[in-house]
Amino acid sequence: MAAPGHPPPPPDPQFVLRGTQAAVHALHFHGADEVQGHPLLFSGCQSGLVHIWSLRTRRPEAILDGHGGQCVTWLHTLPQGHQLLSQGRDLRLCLWSLAEGRNAVVDSVPLESVGFCRSSVLAGEQPRWTLAVPGQGSDEVRILEMPSKTSVCTLKPEQGAKLGMPMCLRLQQADSSPRPLLLAGYEDGSVALWDVSERKVCSRIACHEEPVMGLDFDPQRARGVSGSAGKALAVWSVDGQQALQVCRTHPLTNPGIADLALRPDRRLLATAGWDHRVRVFHWRTMKPLAVLAFHSATVNCVAFASNGLLAAGSKDQRISVWSLYPCT
Amino acid sequence: MMAVFDTPEEAFGALRPVCVQLTKAQTVENVEHLQTRLQRVSDSALQELQQYVLFPLRFTLKTPGPKRERLIQSVVECLTFILSSTCVREQELLQELFSELSACLYSPSSQKPAAVSEELKLAVIQGLSTLMHSAYGDIILTFYEPSILPRLGFAVSLLLGLAEQEKSKQVKIAALNCLQVLLFQCECQDHPRSLDELEQKQLGDLFASFLPGISTTMTRVITGDFKQGHSIVVSSLKIFYKTVGFIMADEQLRAIPKVQAKPAVEHRVAELMVHREADWVKSTGEKLTILIKKIIECVSAHPHWKVRLELAELVEALLLKCSQSLVESAGPLLKALVGLANDESPEVQAQCNKVLRCFAERKVVMGNRAFADILSESLHSLATSLPRLMNSQDDQGKFSTLSLFLGYLKLLGPKVNFVLNSGAHLQRLSKALIQVLELDVTDIKIVEERRWHPDDLSASPKTSATQPWNQIQRRYFRFFTDERVFLLLRQVCQLLGYYGNLYLLVDHFMELYHESVVYRKQAAMVLNELVAGAAGLEGEDLHEERVETSKEELREIVTSVLEEYTSQENWYLVTCIEAEEMEEERMLKESGLQAITSGAHACQVPSFPAFSKPSPTICSMNSNIWQICIQLEGIGQFARALGKDFRLLLMSALYPVLEKAGDQTLLISQAATSTMVEIGQACGYDSLRHLINQNSDYLVNGISLNLRHLALHPHTTKVLEVMLRNSDASLLPLVADVVQDILSTLDQFYDKRAASFVSVLHALLAALEDQSAPPKVDENDSRPDVEPPLPVQIQIATDVMERCIHLLSDKNLKIRLKVLDVLDLCVLVLQPHKNQLLPLAHRTWPSLVHRLTNDDPLAVLRAFKVLRTLGGSCGDFLRSRFCKDVLPKLAGSLVTQAPVSARAGPVYSHTLAFKLQLAVLQGLGPLCERLDLGEGDLNKVADACLIYLSAKQPMKLQEAARSVFLHLMKVDPDSTWFLLNELYCPVPFTPPHCSLHPVQLWGATGQPNVYTANVLHLLQELPGPLLPRYCGWAGPALAEGSGSCREGCKGGVDNRSML
């Protein structure tokens, strides 16, 4: 019974995590701890630190310092074992062992690109997993087999393509085929689908006019979404012939998407905006559902937990955690 | 000394004559002769001659014909004497003596106890008792054979008659004691052997015939006159339960065969015998139940505690021994025991608790299906009648009813769930609790009492920390006034929480909490105690097999209750009339907070009726106050219940509690403060400060989220303030963004909420200023091309000072004053950072000048203080500005006002003009000193202030003016000295040398003037040697040098004396 003239107040974060003391650039949820069913949240910040937050106490459980004070741009945990990957602008990708309370770097991969391009991992239950990182040449992507760190190949666009630097990566494997695929967003605004084993581009679409800042893919519906520095989101699909096709674009009020993420149940899409706002869309219809206004500076990253919690990290040094439409 | 006859021969020689004599003539004298002799015979000798000596005595008793009572009495006494020194070895003798003694009290003619003297009765009773004790070894057992039944029965009925009807207390007690002896209940040490099973059964068979007589008579005695004395009742109770307990003992009855064995006795006796088979047991049990109920009814309220104590013993004995045979009495017996468990006598209480514990250990109740059923049934029926009883009974009645209820709960222990699982009974029970716990909310004081020291959070806990939790706020209930009733109610709830299914109970009372505002406070009280009880009892636990609520479960339950308590609808209630604010809040509230985040708290409670009424009544506000207090108290209890585990709940609990600690209503802030203390202790923090400091991240979270809806949470700034006052530097990184939020919110609400924001800014800056060691910026981090980022506290102070510039000209004086204070702190914090401070000081200047020259005296004073602080770090900047913009105006106004104040009467000191003069005079001195003004400007100040040294000025202004000069002296002592001497020169100056020109000062007229007093006063304060000053002064005069050097030399000797 909202009184006329009083629109419902904007939603609030469930809580806010403070204390990184630097802009937050990477977020990643990891499962749920066995005792309470609360996931852990990893955050990487400008000052090179990785905070491991307990969502039970809402306090950092541990702080990892492994990037020499250089910005941490990407975080990911491996499905088996308590292992964390962190990518920093110190040109190192660190593999941490977190088992039994240890917080030690057990291995690292030297990187060759100082850009903001986040890496991607394709890991299953097998001990071997695949890693995609930005490569040496400004337009290259390197594929490594881990944990042996064997270089599998380097994906370099054909001469004259002028895609610019890779900006975001996503390794993907279709259920039907054992061949890994790589979705990559480039500086020129295009998204390319690589067949990793063939080392060739299957398909490419120029869906943005500005550099692609983030993308995510829904393998069930064979659809992906990408955001750029420009004023629109692009939704595209991959058909059986591995051909990319733009389905629709969704205009934004303010330009600039720093990151985007699909909720694990693939019902919601969240975007991190340069306009300090997180926007939430219904993934199937792309209907805008909410504008989450809390941060006072650019939102750099968003992440969903398996239980549906949404976290957003911002330049204002805060991480806001939101409990949106409950997962079903 | 009389000779003692040791050997039987000697004794025989001595006794024979008297025995013969007695046999011949049966007189009292002869009996006495015998007794005298007997006293000199040794026990062993007497034993040998027992029969011989007894003969004349028994002969006397048996001689037919009327006898004098006196003679019989002496014979019986003598007989008793012999029996007490010897033992009876033949069964026949025992039986005969028994009959002969019994017969003494019987008059065959009237078929009734003989109407004889009390002395004789006593003697006979004593004789019988002694006889039974003198029976040697197992003789006594052969005595109790069926054939004795008629004679024993005769004696028993005789004694019962005496016990009931005799007037003399002594006789009554003797008869009762003798009964005990006859019934094998004697407690003396002379019966070493306990009976074996068979012997017990034989005795039981025998005594069973007496059961009706004994039990009814004893019941009549027990329920008789209160005035008969407690010892008679106690003995009767003892005989009752020992007899019943022996004859009806389950153990014996179990061994009784179905068919009675043919007793080897004559028919007449056999008819008297009772066969204790099932039917007999049943009918006897029924009859006994009636008697037991009578006894309990009468005795449980007996005024003497020893009687009630004996009743507890009775219950114990009967329930332990006869739980099956007396199963019908179990209900009343348990009820009696339970009722006595809260007896006013500690002895009775202790005994009852001992019995209860013993029952629990032996599983009397729980191991016994029937008993458990009886208890459940009793609890059922009590629960059913509870609402009615709570409604109709007075305090004492309520007390006993609740005591009983509590006792049942204690006894039932975990089995209480049988009762709770019945929806109807839970309903009844909760209805009764809710009803009786209704508070009286008509007291107007509750709403009116206000807290006076809003910032004084840390002061109060000390007093409350020393108090045990039980010292909860005094509550006034509608239906009772006795504090003990409340205590019992709490215990009842705690026990329910301890044994009962906590999920079920919490659910049920939570429903009631939601159901109506009428129930809400009571339901919350019950919920609080349920949780407290679930965590453990203060008293002891009688049961082992309790299903404990696990820590996790308890935390889960507490979390959900806590969420309800602190929800918008239940936490932010109207407790005072702030009409406009209310309206605004209401609008917002009604618009609903159901944004998409509400999924997690889907449970929407209908809004509190107070909101729908146009204006809340005193009663509803009182009710709201109590509700908040109860909920606060509950949170404290939850913390206690969870201990360190409560730390996980601090993220949601701490903020709301701290918010209430700053509430205006005294009761609420008190409750919240003790809750804070409670939480601190439970979670293991040394102090409130520690608690707040260690959890400021949770507080900051609440603050920052609530700042987003300031209209809904107008007290948010208060919480921030309290937090800032209680925290240290480690907090800064956490609050930095909140401060930004505050400032941007302030920017939006300059007009409305400036006051509360300014106090937050003040607390913030005070905290910043407090931090001796600001967090260091890592030097390695700074790159050469970029300026290192400012430390957080500098950034904050800069931002705040920026706001002060605008707020300095607020139309509200209070705000202006506070802003000046904040500004002062800003300057202090920014002192080491001139690059930030100077431009800001520059921008602040115009506004500050206004405060100095054109504001309330209070503002003038504070502005001076800011100037002084500012002077410490940017003196040069300030000096020229001050001298140019401010000093002329101030000096001018001082000069023009001086004649006014000099003429004014005493009322003048109440005028604004006076206060302004005073403020300026008080402020100028320290500032001049701090700014290190040049000579010209100092003179300006001095000139303006000199006039105020006049005695015509009001005293306060004189004092203030003197203070100006005291400061000036520190800056420039010489010119001040000169100036003062110009006003009044106490001593004429004589040059130290005749070559020096004599000094002529204006004040040296020698005539005291209006300035004299103050000048003298000041000159006394002026330190340092005069000579150099004098020379310095006289310097120019020396050039003109001529005149009286002689005089000068002379004066120079003691030129210092003039000081």
Side-chain angles (χ1 to χ4, degrees), chain A residues 1-22 35-38 46-48 53-60 68-70 268 280 289-297 307-310 314-328, chain B residues 552 555-556 584 586-602 604 607 647-652 655 694-713 730-738 740-741 743-744 775 777-778 780-781 789 792:
Chain A
M1 43 171 263
H6 282 274
D12 283 327
Q14 195 179 45
F15 54 90
V16 177
L17 303 174
R18 292 177 171 77
T20 58
Q21 300 194 47
V35 200
Q36 287 297 311
H38 290 289
Q46 182 96 52
S47 60
W53 301 88
S54 156
L55 296 190
R56 187 165 172 234
T57 61
R58 301 178 185 174
R59 288 175 176 161
Q70 298 294 309
L268 297 184
V280 180
L289 297 176
V291 178
L292 309 180
F294 172 77
H295 290 284
S296 56
N307 66 4
L309 277 186
L310 167 66
S314 157
K315 197 184 167 192
D316 67 8
Q317 313 188 351
R318 297 184 283 194
I319 301 164
S320 54
V321 181
W322 308 73
S323 172
L324 301 175
Y325 311 91
C327 273
T328 44
Chain B
E552 279 70 36
R555 198 175 62 229
E556 222 171 86
E584 185 188 346
R586 210 193 87 201
M587 301 262 279
L588 271 162
K589 250 169 217 151
E590 285 180 354
S591 72
L593 276 167
Q594 288 130 304
I596 54 172
T597 43
S598 71
H601 322 274
Q604 278 294 321
S607 85
R647 285 185 176 206
L648 282 175
L649 273 68
L650 286 178
M651 63 180 80
S652 45
Y655 179 90
Q694 293 289 300
N695 295 287
S696 39
D697 51 346
Y698 294 155
L699 289 172
V700 167
N701 195 50
I703 292 166
S704 87
L705 294 183
N706 283 337
L707 270 180
R708 290 157 59 85
H709 314 285
L710 198 62
L712 215 56
H713 303 281
S730 58
L731 183 67
L732 262 190
L734 290 177
V735 289
D737 69 279
V738 177
Q740 290 310 320
D741 289 348
L743 292 176
S744 61
V777 187
D778 194 357
N780 305 332
D781 214 32
V792 187

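Per chain, numbering begins at 1; letters A, B, ... match sequence-line order.
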Would you mind checking which part of B/N706 comes under 4.5 Å of any heavy atom in chain A, side chain (CB onward), backbone (N, CA, C, O), both or neither?
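No part of it gets close to chain A.
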To the closest 0.5 Å, what do you measure between CG (B/N701) and CG (A/D12)?
10.0 Å
[X] to [Y] - nearest heavy-atom pair and separation:
X: B/L705; Y: A/F15; value: CD1-CA, 4.4 Å
X: B/D697; Y: A/R58; value: OD2-O, 4.4 Å
X: B/R708; Y: A/P11; value: NH2-O, 2.9 Å

Tell me, please, which residues at least two apart from A/S320 pass side chain to side chain donor-acceptor pair (under 3.5 Å).
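Result, side chain to side chain donor-acceptor pair (under 3.5 Å) vs A/S320: A/H295, A/W322.
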Go through the structure and list residues passing side chain to side chain donor-acceptor pair (under 3.5 Å) with B/S704, not counting sequence neighbours.
A/R18
Starting from the C-alpha separation in whole Å, work towards a yes-or-no answer on side chain to side chain contact (heavy atoms under 4.5 Å, CB included) for A/R56 and B/L648.
CA-CA 7 Å; A/R56 187 165 172 234; B/L648 282 175; 3.0 Å; yes
Answer with side chain, backbone, both or neither: which region of A/A293 has an atom nearer than 4.5 Å to a non-hydrogen atom of chain B?
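Looking at A/A293, just its backbone touches chain B.
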